[in-house]
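Heads up: numbering here begins at 1 and tracks the sequence.
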Amino acid sequence: MSLFGGKKKKEAAQTARLLERLDGRELQAAVRREPSGAGETMIGKGGRLNTLGGEIVIVCDGAEVFRCPAAQTRCGELMSLNGLMIRRALPDGGEEVVIAYYKYYRKL
């Protein structure tokens with residue numbers, strides 16, 4: 001038994017609360033970070049972030065651009081609070097990182 005065994009449960013609970021709060025949020029753009037860290041690739045513009053049946057789904061321009069089980073991810077908002085970073089471990093030992101930037105609404 002590990003001394004710090006509850007850390008994964010705590011992270012999973014935080015991710016679930018965050019995704020519940022952000023369900024249905026409109027997106028300006030979604031990008032995928034390159035594994036080498038050299039840059040980002042645009043995967044969609046003008047979409048929506050959805051959480052359906054325990055999965056995270058990003059739909060842009062009427063097409064699904066990203067889907068994965070929420071239990072396999074670690075999510076967190078960017079420090080600027082203008083987006084969400086989704087991290088998922090890949091079977092080959094790598095990591096996939098997708099960033100969804102929220103649509104900006106100017107408050108009058």
ask   = Apart from Met79 itself, what residues make up its hydrophobic cluster when side-chain heavy atoms of I, L, V, M, F, W and Y under 4.5 Å apart count as a link, directly or indirectly?
value = none

task = State the CZ-OG1 distance between Arg21 and Thr51, to the nearest 0.5 angstrom.
result = 12.0 Å

task = Considering only Ile, Leu, Val, Met, Phe, Trp and Tyr, and joining two whenever side-chain heavy atoms are under 4.5 Å apart, list the other residues clustered with Leu81.
result = none

Which atom pairs, one a donor and one an acceptor, fall under 3.5 Å between side chains of residues 65-76 and the rest of the protein, sequence neighbours left out?
residue, atom, partner, partner atom, Å
Arg67, NE, Glu64, OE1, 3.2
Arg67, NE, Glu64, OE2, 3.0
Arg67, NH1, Glu55, OE1, 2.5
Arg67, NH2, Glu64, OE1, 2.9
Thr73, OG1, Ala70, O, 2.8
Arg74, NH2, Glu95, OE2, 3.1

query = Below 4.5 Å, heavy atoms only, C-beta onward: do Met85 and Val97 meet side chain to side chain?
reply = yes

request  = List the steps, then state whether side chain to side chain contact (heavy atoms under 4.5 Å, CB included) holds for Asp23 with Asn50.
outcome  = CA-CA 5 Å; Asp23 184 33; Asn50 297 307; 4.1 Å; yes

query = Taking ILVMFWY side chains as joined if any heavy atoms are under 4.5 angstrom apart, and letting links pass through other members, which residues group with Leu90?
reply = none

inquiry  = Using modelled atom types and a 3.5 Å cut-off, is there a donor and acceptor pairing between side-chain atoms of Asp61 and backbone atoms of Ala63?
reply    = no

Please set out all donor-acceptor pairs under 3.5 angstrom arising from side-chain atoms of residues 37-49, sequence neighbours excluded.
residue, atom, partner, partner atom, Å
Glu40, OE2, Arg33, NE, 3.3
Thr41, OG1, Glu34, OE2, 2.2
Arg48, NH1, Gly24, O, 2.4

query = Between Leu84 and Leu78, what is the shortest heavy-atom contact and its length?
reply = N-CG, 4.4 Å

query = Can you find a side-chain donor-acceptor pair between Tyr102 and Glu77 that sits under 3.5 Å?
reply = yes

ask   = Would Val98 and Val31 satisfy side chain to side chain contact (heavy atoms under 4.5 Å, CB included), going step by step from the backbone distance to the final call?
value = CA-CA 6 Å; Val98 172; Val31 298; over 6 Å; no

task = State, with a plain yes or no, whether a side-chain heavy atom of Leu22 is found less than 4.5 Å away from one of Leu18.
result = yes

Note: Glu96-Arg87 ion pair, threshold 4.0 Å (strictly below) = no

